[in-house]
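Beneath this line is the structure, given in structure tokens, with notes to follow.
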Amino acid sequence: MSGITGAAYPPSLSAAETEHLVNTIKDWSSAHGLVVRPPPTVIAASADPKAIAAVPAPVTLFPSPFPRQCFAQALGVQTTYNELYAAVSRNEEFIEDTVKQVIEGDEFIKNLWAIHQKVKAEGYTQSLSLGIFRSDYMVHQDDTTSSPTFQAKQVEFNTIAASFGGLSYYTSRLHKYLSTREYPLLGNAIPTDMMELPGNDSIPGLAAGIETAFYAYPASELGHTNCILFLVQDGERNVFDQRHLEYRLAETVPQVPLFRLNVSVIRTQTSLADTPRRQLLYHPPQCPGKTYEVAVVYLRGMYDPSDYPDQDAWDARHHIERSAAIKCPTVLTQLAGTKKVQQVLATPQPASEPSVLGRFVKAAAPDQVAELAKTFTNIYPMDTSPAGLEARKKALDPTLAEAYVLKPQREGGGNNVYRGAIPAYLRSIPKAHWSSYILMELITPPPVSNLILRNGSVEQGGVICELGIYGTCLWDQKTDEIYHNELAGYLLRTKGDKSEEGGVAAGFGCMDSCRLV
Ligand code: ADP
Ligand code: MG
Ligand code: MG
């Protein structure tokens, strides 16, 4: 038995069985919206010049085995994590302190911080804040005990544009369908009772967070109808993932208008009311003369420097931030999600000093703080503190660097530097910028094998799984009050074990679900 896979899992398939499973998945995925838009290069080369096509999202043929204690562990800490990040967002001094440690080499973070300061100077007019969070984990195998134990170790915590809740809901259902209709028919049949597939309520969970925030916003004093606004990126391929949340809201709150707005037209299609509250007003071009008041603005973009090609884009973010709409997230919450904050939270304090975590998770008993701490892995600053200098030494040594990943303050995949590439990368950038990074120990999950269906072809081999747990939280920045704090389902993303990055959107990873073992 290798790692956590079990000898006969996934079962070996005949060519006819593989073809049959592929056809079954292709149809199920299209029928249920487990799809993405094809890349622009594919559209350009195809007979689909108007880009109407959608293609099945890459997905595993079988749900990957995942240790049940790690799954339970990750679910068990989510609402404490929600509380922690709500508290971090409220603690401006703490965020300022971490931001100051990275801004010398990071113009992007500097600009975000500047927006917060500008809005703070004139006064925020909305104290409610919505978090749609996703805490990501990999399984760590502890070989130091007599029988190996598994622990969920946090890769990162996402506070902006945490995606795939729409598609992960359907991936769980696809694997459930296959486990009842197809796997029992295979030559190497998998009995249904071997397939313990946990439920996944990501779509209703995430939509409930948005709905709660909508109802926390008062009726329009200006006589408009309140609406929900999704801010989305130009050329977004993962649009159906977002649409699933929208369609859920269309069922639960059909009377609430919901619009999608491209980040590049924020300034032309929205305005701020000339009132002390600065309500965000949306003027849909398809409804001339009509104005809606935006109660909740959900950002599925604006997390990456490429979302800010010019000053207009930064002005647009400032415009959103100073409005009365409930933001998901605010600039402060976005900044709370930086890798630098994660590093500071994960750094153990000397016994003589109060725990950083304890400062934030105040409602929690010490054992909840201890449970959070169990999910941490070693993360080091890259600054000139004694710990930072020690980390720099490791990062510059080609042998020692093999155990680490170097991360800048970025989101969305494709920004990290791995292992042996770290020393040369560091030497290629100004030394004054090194403090803008953190150095994190690589988590090496036990080997798992699976088959990945991508663009109609099946790849088989060793895979690495990353579990994401969604949480939603609505809190008041001023009063510390938390109005809503919920778990909201999960995501399992899987990549080939030769790939370093795992983002599905970035093209290296695929959708998966958990088979608890
Ligand atoms: P991003 O915000 O860009 O998604 P992540 O911190 O999630 O940044 O890193 C991107 C990917 O890199 C992860 O999905 C994972 O595959 C890999 N990765 C990041 N940190 C680690 C780690 N400590 N151990 C192993 N893999 C990691
Ligand atoms: Mg991230
Ligand atoms: Mg990530």
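One-based numbering, in listed order, for ligands and for the atoms of each.
- With a 6.0 Å cutoff to the six-membered ring centre and a 45° limit on the axis angle, Lys394 does not count as a cation-pi contact of Tyr404.
- Between the side chains of Glu83 and Asn485, no donor-acceptor pair is found at a separation under 3.5 Å.
- For the side chain to side chain donor-acceptor pair (under 3.5 Å) test with Ser513, the passing option among His175, Lys176, Arg173 is His175; the others fail.
- For the Mg ion (ligand 3), protein N/O/S neighbours under 2.8 Å (waters excluded) are Glu156 OE2.
- Taking every heavy atom of Gly412 and a limit of under 4.0 angstrom, the matching atoms of ligand 1 come to 1 (P), 2 (O), 3 (O).
- Each of the atoms 23 (N) of ligand 1 lies under 4.0 Å from some heavy atom of Met440.
- Each salt bridge (charged side-chain N to carboxylate O under 4.0 Å, His left out) pair with one or both residues in residues 432-450, not counting sequence neighbours, would appear here, but there are none.
- Numbered from 1 in the order shown, with element, the atoms of ligand 1 that lie under 4.0 Å from a heavy atom of Glu441 read 22 (C), 23 (N).
- Aromatic pair Phe157/Tyr85: centroids less than 6.0 angstrom apart.
- Atom numbering of ligand 1 starts at 1 in the shown order; those under 4.0 Å from a heavy atom of Lys407 are 5 (P), 6 (O), 19 (C), 20 (N).
- Cation-pi geometry between Arg515 and Tyr9 is met: under 6.0 angstrom from the ring centre, within 45 degrees of the axis.
- Close approach of ligand 1 to Val155 (heavy-atom distance below 4.0 Å) involves ligand atoms 6 (O), 7 (O), 19 (C), 20 (N).
- Of the candidates Thr338, Ile443, Asn416, Ile443 brings a heavy atom nearest to atom 24 (N) of ligand 1.
- Salt-bridge formation is not detected for the pair Glu156/Lys407: no Lys NZ or Arg NE/NH1/NH2 atom is positioned less than 4.0 Å from an Asp or Glu carboxylate oxygen.
- A donor-acceptor pair shorter than 3.5 Å cannot be found between the side chains of Asp241 and Ser163.
- Checking only distances, Glu466 does come within under 3.5 Å of ligand 1, N or O to N or O.
- When non-hydrogen atoms are compared, ligand 1 lies under 4.0 Å from the side chain of Tyr418 (C-beta onward) but not from its backbone.
- Here Glu411 has heavy atoms under 4.0 Å from ligand 1 in both its backbone and its side chain.
- Per-residue contacts place Met138 under 4.0 angstrom from the following atoms of ligand 1 (heavy atoms of the residue considered): 15 (C), 16 (O), 25 (C), 26 (N).
- Aromatic rings of His32 and Phe240 (six-membered ring for Trp) have centroids beyond the 6.0 Å cut-off, not under it.
- Checked by distance only, ligand 1 and Arg493 stay at 3.5 Å or farther apart across all their nitrogen or oxygen atoms.
- The contact set between ligand 1 and Gly413, taken as ligand atoms under 4.0 Å from a residue heavy atom, comprises 1 (P), 3 (O), 4 (O).
- Looking at heavy atoms from C-beta onward, Thr347 lies out of side-chain contact with Val344 at the 4.5 angstrom threshold.
- Taking every non-hydrogen atom of Lys339 and a distance limit under 4.0 Å, the qualifying atoms of ligand 1 come out as 1 (P), 2 (O), 6 (O), 8 (O).
- Gln78 and Tyr470 share no donor-acceptor pair across their side chains, judged by distance under 3.5 Å alone.
- Scanning both residues, Ser129 and Thr333, for their nearest heavy atoms gives OG-OG1, 3.7 Å.
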